[in-house]
Structures are given as C-alpha cells and as structure tokens.
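First the structure, in the form of structure tokens, and then the observations on it.
Starting from 1, each residue takes its place in the sequence as its number. Order of listing sets the numbers, starting from 1, for every ligand and every atom in it.
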Amino acid sequence: MALFLINRYLGDEGDDGSSNESRAKALLAKLQKKAKVKEQQSLSCQGEYQSKTTVESDRGTLVKKKRKNKGGNLEETKHPKKRKEQVNQDVSPPDPEELCEGDNARKKKDTKKMQLTEEDKDGMKQTSAHNKNINLQEAAAVDKTELPKNDDEMVEKIQTDQSIQDTETSPSQTGFTILGGFEKKIIQKVQRVLPKWLAEPDVIQRDITCNLVPISDVPGICTKLQRKLESNGIHHLFPVQAEVIPAILESVSHGLLIGRGGYKPRDICVSAPTGSGKTLAFVIPVIQALMERVVCEVRVLAVLPTKELAQQVCKVFSSYAEGNSLKVVMLAGQKSFAAEQASLSENRGGISHSLADIVVATPGRLVDHINKNDGFSLEHLRFLIIDEADRMIDSMHQSWLSQVIKAVYRPRRVSEAVSIFKRTEPAPITAASLSPPQIPLQKLLFSATLTQNPEKLQQLGLHQPRLFSSVHSLSTTNPASQERFNFPQGLTEYYVPCTLSKKPLLILHFILRLKFSPILCFTNSREATHRLYLLVQLFGGVQAAEFSSRLSPNERKRTLKEFEQGKIQLLISTDAAARGIDINGVKCVVNYDAPQFIRTYIHRVGRTARAGKSGLAFTFLLGVQEKKFIQMVKDAGSPGIQKQIVKPGSLKSMEPRYQQMLLELGNTIKGEKAKKRV
Ligand SMILES: Nc1ncnc2c1ncn2[C@@H]1O[C@H](COP(=O)(O)OP(=O)(O)OP(=O)(O)O)[C@@H](O)[C@H]1O
C-alpha cells in the first residue's frame with residue numbers, strides 16, 4: 001500500500017508541455033497499432049472459422065430461428081458480423097474469438113457464463129430474467145465482434161473495454177473492499193526549485209568596457225597593491241573584480257582567524273564570462289590578506305584542472321606576491337616529486353618548516369603530496385580557491401576535495417594533537433576561552449559556466465554561500481529547459497555549413513585567403529588534431545603547430561609561448577587549450593569539429609574576445625549537425641550565431657593540391673605507425 005508519494009524533480013526534459021503532448025501522441029499511436037494487430041488477428045481467426053463451418057444456407061435457417069426467439073431484432077439484420085456471432089452461440093462450435101482473443105475478453109465471457117449457471121441452480125426460470133441474460137450475451141457478442149471502422153472508433157472501443165473491466169471489478173459489485181492499489185491520479189509536474197543563494201545572486205555587470213571602475217573607487221585595496229596594479233598596466237578594475245575583491249577583503253577584515261562578528265565567513269561563488277578578469281578577483285584580496293602574516297605556512301591553496309592553467313595562475317600570484325615576502329609554489333608535475341617536496345618545506349632542528357604561503361596545484365599531484373609528503377601541511381589553510389569549478393566538480397571522483405578537507409583538520413604534530421592537556425594561564429571563563437579560535441576555511445569558486453545544479457554544488461560542502469553572477473535569468477522556479485550563460489560582449493559567432501571532405505580546405509581558405517591569423521582551431525580528439533596538423537604541414541605555406549596530450553608538458557609550454565609570440569599562425573588543439581588559457585591576441589577561434597556540449601563551446605570561443613576586446617568564432621557544421629547545434633547555442637543565451645557561406649568555387653583552386661596531399665598523408669601516417677611498432 002502506498003503510504004505517501006514523493007514527487008521529485010526529474011530533470012529538465014519533462015518540463016515542457018510539448019513533450020507531454022508528444023508522449024500522449026506516441027502512446028495513442030502505440031494503442032492504435034496494437035488495435036490494428038488485434039483486428040487483423042480477429043479477422044484471420046474468423047476466416048479460419050468460416051472455412052470450418054458448414055454452408056451458408058445453414059446460417060440462414062439459424063438466423064430465422066434466432067429472430068423468432070428474440071422477437072425480430074432489426075439491428076441484427078443490419079450487422080452480418082453480429083449475426084455470425086449469434087450463429088456461433090446457437091450451434092456451440094469452438095468460439096473463434098476464444099482462439100485468438102486476449103484474456104480480458106475471455107474473462108468477461110466466463111463471468112457471464114458463471115452468472116447463468118447460478119441462475120439455473122437457484123431454479124430461477126422467470127422468462128424476463130432469462131431474456132435479460134440472452135440480451136447480455138448478445139451485448140457481449142456485439143462487443144466482441146463489432147470491429148472499429150477507423151482509429152477514433154478504436155480508441156473509443158479501448159476506453160469502453162476499460163470501463164467495462166472497471167465496472168466488473170468494482171468493489172460495489174463484488175461486495176468486497178479492495179485493500180491497497182493505486183488510484184489513478186495525474187502525476188504532478190515538479191518544477192526545479194533553486195535555493196535562495198542561487199536564485200538571487202549579487203549581479204555583476206557583464207559589459208566590461210562600459211563598467212570599468214577606477215582602482216581607488218574600490219574599497220579596501222591597500223596602496224601597495226594599487227601601485228602594483230598600476231605598474232602592471234591596470235588602472236581600472238573590471239566589474240567582477242570591483243564586486244568580488246571587497247567581498248573577500250571584508251571576510252578577512254578581522255584577521256585570518258575569525259570572520260566578521262566572530263563567525264565563520266561565507267563561501268563565495270563567482271560565475272562570470274570568459275576573459276572577464278576572474279583571476280585577479282581572487283589574487284588581489286588573497287595576497288592582501290596574507291601580507292601581514294608573520295610565520296610562513298600554507299594558507300592559500302588554488303586548485304586547477306590542468307598543468308597549463310596552474311602555471312598561468314601561479315604566474316599571476318607570483319607577480320603580485322613579489323616584494324611581500326610571500327612564497328608561491330606550484331604542484332602540477334612540472335618538476336619531479338622530490339623537487340616539489342623540497343620547495344614546499346625544509347627541516348630545521350628536527351622540525352618541518354613550511355616554505356610556501358600559496359600553493360597552486362592540479363588535483364592529482366596535490367593528492368600525492370597530501371598522502372606521501374610529511375612536510376606538507378594544510379592545517380593553517382585559510383582559502384581554498386577552486387578555479388574552473390564546474391570542471392573540478394566533475395573530477396570529484398578523484399576525491400581530491402575530501403582529502404584536502406581531511407588534511408585541513410588533521411594536526412601535523414603530535415604535541416598539537418594533545419594540546420587540550422596544555423596548561424593555560426588562569427583567566428575569566430568566556431565562550432571564546434572555552435573554544436580556542438580556529439582558522440576558518442573559506443572556499444572561493446570561479447567559473448564562466450558555474451553549474452546551477454544544487455545537487456552538484458552540494459558535493460563541495462559550501463558554508464552559507466554567496467553567489468556573484470552576471471546571469472540575470474535566475475529565478476526560484478526556473479522554467480528554462482537549459483542553463484543560460486553569458487557570452488563575452490565583443491564576440492561575434494558564425495557557423496559555416498560544410499561537408500566532411502571540405503573541412504581541411506576551409507581552414508586553409510581561412511588562413512591563406514581570408515588572412516585570419518592567429519587562429520586557434522579546435523578538434524574533438526588528439527588523433528584528429530594530429531591528422532589535421534600533418535595535412536596543413538604537407539600543404540605548406542602556413543606556420544602551424546599542434547597542442548594535445550601527444551606533446552610533453554615542456555613541448556606544450558613552448559608551443560603556447562610561440563603562439564603568444566606570433567610565431568605560429570594556426571594552432572590546432574584538443575580541448576586541452578579550451579579552458580582558462582589566456583593567450584593575448586587570439587583574434588579568431590575555429591571549431592573545426594563542432595563541440596558536443598555547450599560548456600565546451602563557451603570555453604573554446606572564450607579564448608578570443610577577452611578583457612573587453614573583440615573576436616570571431618567560426619564553427620564548421622555538417623548538414624546533420626546544424627539544427628541541433630544552433631538550438632543548443634541559442635538556448636544557452638547566445639546573442640546570435642550567424643550563417644557564413646563559403647562558396648565551393650573559392651575552394652576549387654586548392655583542390656588538386658589537396659588531392660595529392662591526401663595521398664601523401666596516407667604514407668606519412670603509415671610511416672608513423674611503422675616507427676611506433678619499432
Ligand atoms: N582590470 C583589468 N584591466 C585590464 N586587463 C585586465 C584586467 N583584469 C584582467 N585583465 C586581463 O584580462 C585577461 C583575462 O583575464 P582572466 O584570465 O582572469 O579571465 P577569466 O575571467 O579568468 O577567463 P576564463 O574564464 O577564460 O578563465 C587577462 O589577460 C588579464 O590580464
């Protein structure tokens with residue numbers, strides 16, 4: 001028995017009425033199909049039966065007999081099928097319906113047969129009752145044999161059958177009370193309900209160029225850092241920085257030990273477009289918070305998904321930590337484990353001393369140090385920065401976060417573990433003296449595509465989170481079928497309809513004829529990246545390079561540097577360069593392979609049009625991809641993606657060379673494979 005029913009939000013698919021309508025239509029079509037099969041079976045069974053029964057003349061006699069019995073029912077004469085059924089009853093041959101009908105019809109018939117036997121037993125020979133029974137039998141016969149002429153009739157028939165079944169089993173008829181079971185109810189549609197902090201964010205202006213804030217107007221930034229910013233060519237802060245920097249600074253206004261009013265500070269989440277300056281939004285306040293520290297301990301940990309991103313963020317931290325005696329260490333596997341270990345701590349007089357204030361790490365290497373490096377302690381950690389937070393949530397299966405949290409609350413030294421037995425000077429007892437101050441751990445999350453899925457965010461164990469977002473469309477009940485994001489203001493998006501074989505020619509056309517350079521070109525796999533790179537190399541005339549996990553970390557570092565220096569015109573990459581990478585001067589991004597997910601698209605195209613500049617993004621689309629892709633981009637809140645047609649004529653002159661190149665490519669790939677085997 002159902003005691004209660006939980007209506008649960010089952011995702012976005014079922015939200016719109018149109019999908020319900022289409023489901024109903026599909027159901028109806030299914031029912032109609034079943035009915036047709038049943039109809040055909042019934043007809044074929046009747047055919048079988050007809051061949052078994054005797055000649056037509058017999059039927060005529062029997063019909064007459066029946067008319068006599070019933071006082072000449074005109075209806076009967078109008079329906080040969082009904083007549084046939086009556087013949088069956090009178091001569092009692094095997095019922096053709098029984099041969100092919102389902103259980104329900106058989107059940108109905110059995111019930112009626114049972115009724116007749118009871119009457120006989122009781123000696124009820126009243127003619128009226130008998131006639132009534134015959135009429136019932138006739139009705140059942142009509143019900144069984146009358147076939148619908150069209151689909152509507154069939155649906156009606158199914159409904160009538162259902163209602164007959166319902167009345168047959170209804171408790172009022174049987175006299176029994178049926179326990180349990182479910183009443184048919186319309187399932188309530190459940191809307192997604194966002195928690196208040198997600199539904200009502202602090203709004204960030206998304207237009208960078210019109211909303212620059214002079215550094216001196218932003219409260220809390222110390223003069224030392226103001227000067228540092230200016231010396232780095234930054235005179236105004238971007239909207240995300242003007243909002244988030246004071247919020248973080250406020251949480252450390254009473255020092256590193258307690259938050260405002262003695263409470264644990266709120267965690268901060270930031271969702272702002274690509275290239276809007278999120279890195280400085282955490283670097284500046286965190287450096288300022290640590291400037292007054294006396295003992296060197298790891299107080300800031302920034303976690304990033306890739307080596308390249310860790311390197312980039314480490315560089316920004318180092319630039320602003322310079323001159324403040326703060327030490328920044330990177331744990332991303334660029335150096336050997338032992339070298340990283342040596343940069344983290346040193347042993348003096350048998351005691352391990354930290355050599356790092358700020359650690360920038362990738363999750364894998366971080367976990368290695370937590371588990372294998374005794375000199376690495378997170379017990380003084382004050383800020384945990386999670387950049388590219390949505391991606392980091394997805395990599396939570398590595399359980400890096402739970403390991404960090406465990407390390408934060410695990411005392412390093414045995415003496416500190418038993419500090420409860422330490423003698424303290426007698427003093428008046430207060431709430432504060434009974435619970436010694438603890439360093440609060442504050443989480444700072446940043447992403448251009450921060451998830452609004454509360455279940456995913458819950459994995460982070462956020463404390464009274466506060467969201468800063470440039471997406472305005474959030475509401476407590478979100479009717480939108482997809483999450484919406486903000487695109488950089490200066491970005492212009494195009495899609496180029498094409499065929500698979502024309503794609504390489506198109507990219508060559510973009511670079512050689514249209515003179516788009518430098519181009520950052522994305523494919524969907526490292527194999528595709530390598531093949532396209534070889535093809536462009538064979539064609540000649542273009543300074544190209546590839547960027548994927550085929551390359552060693554050092555090769556990747558060098559490639560990015562050369563691309564930034566303008567030595568590479570075309571960088572062909574996997575999604576390894578899609579997130580966070582800040583390369584100055586990328587004017588054009590090409591999605592050679594259309595991305596499958598909207599987040600991937602947003603991050604890829606976000607490598608251009610950064611820091612308020614303008615940029616172009618082209619996506620090559622095959623005919624089958626067009627509709628779905630354009631809808632996906634529209635649903636995500638894109639201001640508009642335009643069609644860009646490249647006429648086949650403009651590629652023609654490159655075709656002979658291209659055909660020759662394809663043959664050469666085959667040989668090159670064969671050669672590479674042979675080399676690998678050796
Ligand atoms: N106030 C500022 N004035 C001028 N340039 C700035 C300012 N703040 C940041 N920048 C520059 O803007 C660029 C983009 O910044 P950043 O990499 O922090 O963006 P982001 O929001 O983290 O982007 P993504 O989401 O792609 O990681 C960088 O080159 C940075 O130096």
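For atom 16 (P) of ligand 1, the closest non-hydrogen atom of the protein is Thr279 OG1, 3.6 Å. With respect to atom 21 (O) of ligand 1, the closest heavy atom belonging to the protein is Lys278 NZ, 2.8 Å. Annotation: atom 27 (O) of ligand 1 to nearest protein heavy atom, Gly580 CA, 3.4 Å. In this structure, the protein non-hydrogen atom closest to atom 23 (O) of ligand 1 is Gly275 N, 2.8 Å. Closest protein heavy atom to atom 10 (N) of ligand 1: Phe238 CE1, 3.6 Å.
Residue Arg607 has at least one heavy-atom neighbour below 4.0 Å for each of these atoms of ligand 1: 26 (O). Annotation for ligand 1: atoms under 4.0 Å from non-hydrogen atoms of His236 are 1 (N), 2 (C), 3 (N). Heavy-atom proximity to Glu388, at under 4.0 Å, picks out these atoms of ligand 1: 27 (O).
At a heavy-atom cutoff of 4.0 Å, ligand 1 is contacted by no atom of Ala272, backbone or side chain. Residue contacts with ligand 1, taken as heavy atom pairs separated by less than 4.0 Å, involve Asp582 solely via side-chain atoms from C-beta onward. Contacts between His235 and ligand 1, counted as non-hydrogen atom pairs separated by less than 4.0 Å, are absent for every part of the residue. The backbone and the side chain of Thr274 each have at least one atom closer than 4.0 Å to an atom of ligand 1 (non-hydrogen atoms only).
The local environment of CZ in Arg391 is sparse, with at most 12 non-hydrogen atoms from other residues, nucleotides or ligands closer than 6.0 Å. Shown here is Gln226, whose CD atom has more than 12 heavy atoms of other residues, nucleotides or ligands within 6.0 Å. In Glu562, the CD atom is crowded: over 12 heavy atoms of neighbouring residues, nucleotides or ligands sit closer than 6.0 Å.
Of the candidates Lys613, Arg610, Gln241, His603, it is Arg610 that places a heavy atom closest to atom 24 (P) of ligand 1.
Not a single heavy atom of Arg579 sits under 4.0 Å from any atom of ligand 1. Within the 4.0 Å heavy-atom shell around ligand 1 one finds Pro273. Put simply, no part of Gly606 is less than 4.0 Å from ligand 1, judged by heavy atoms.
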Can you list the steps and then say if Arg579 with Asp387 is a salt bridge (charged side-chain N to carboxylate O under 4.0 Å, His left out)? CA-CA 10 Å; Arg579 267 186 187 257; Asp387 202 2; over 6 Å; no
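Using a cutoff of 4.0 Å between basic side-chain nitrogens and carboxylate oxygens, Arg466 and Asp267 are not scored as salt-bridged.
A side chain to side chain donor-acceptor pair (under 3.5 Å) with Gln442 holds for exactly one of His463, Arg382, Arg266, Lys264; it is Arg382. Under the salt bridge (Lys or Arg N to Asp or Glu O under 4.0 Å) rule, Asp575 has a single partner from Arg526, Arg607, Arg604, Arg599, which is Arg604.
The closest donor-acceptor contact from the side chain of Asp357 to the backbone of Lys327 lies under 3.5 Å.
In terms of heavy-atom proximity, Val633 sits nearest to Ile598 at CA-CD1, 3.9 Å.
When only interatomic distances are considered, the shortest N/O to N/O separation between Ala611 and ligand 1 does not fall below 3.5 Å. By the 3.5 Å distance cut-off applied to N or O atoms, Leu237 is not counted among the residues near ligand 1.
Remark: Lys503 qualifies as a cation-pi partner of Tyr592 under the 6.0 Å distance and 45° angle criteria applied to the six-membered ring. In this structure, Arg556 forms a cation-pi arrangement with Phe547, its terminal cationic atom sitting closer than 6.0 Å to the ring centre and no more than 45° off the ring axis.
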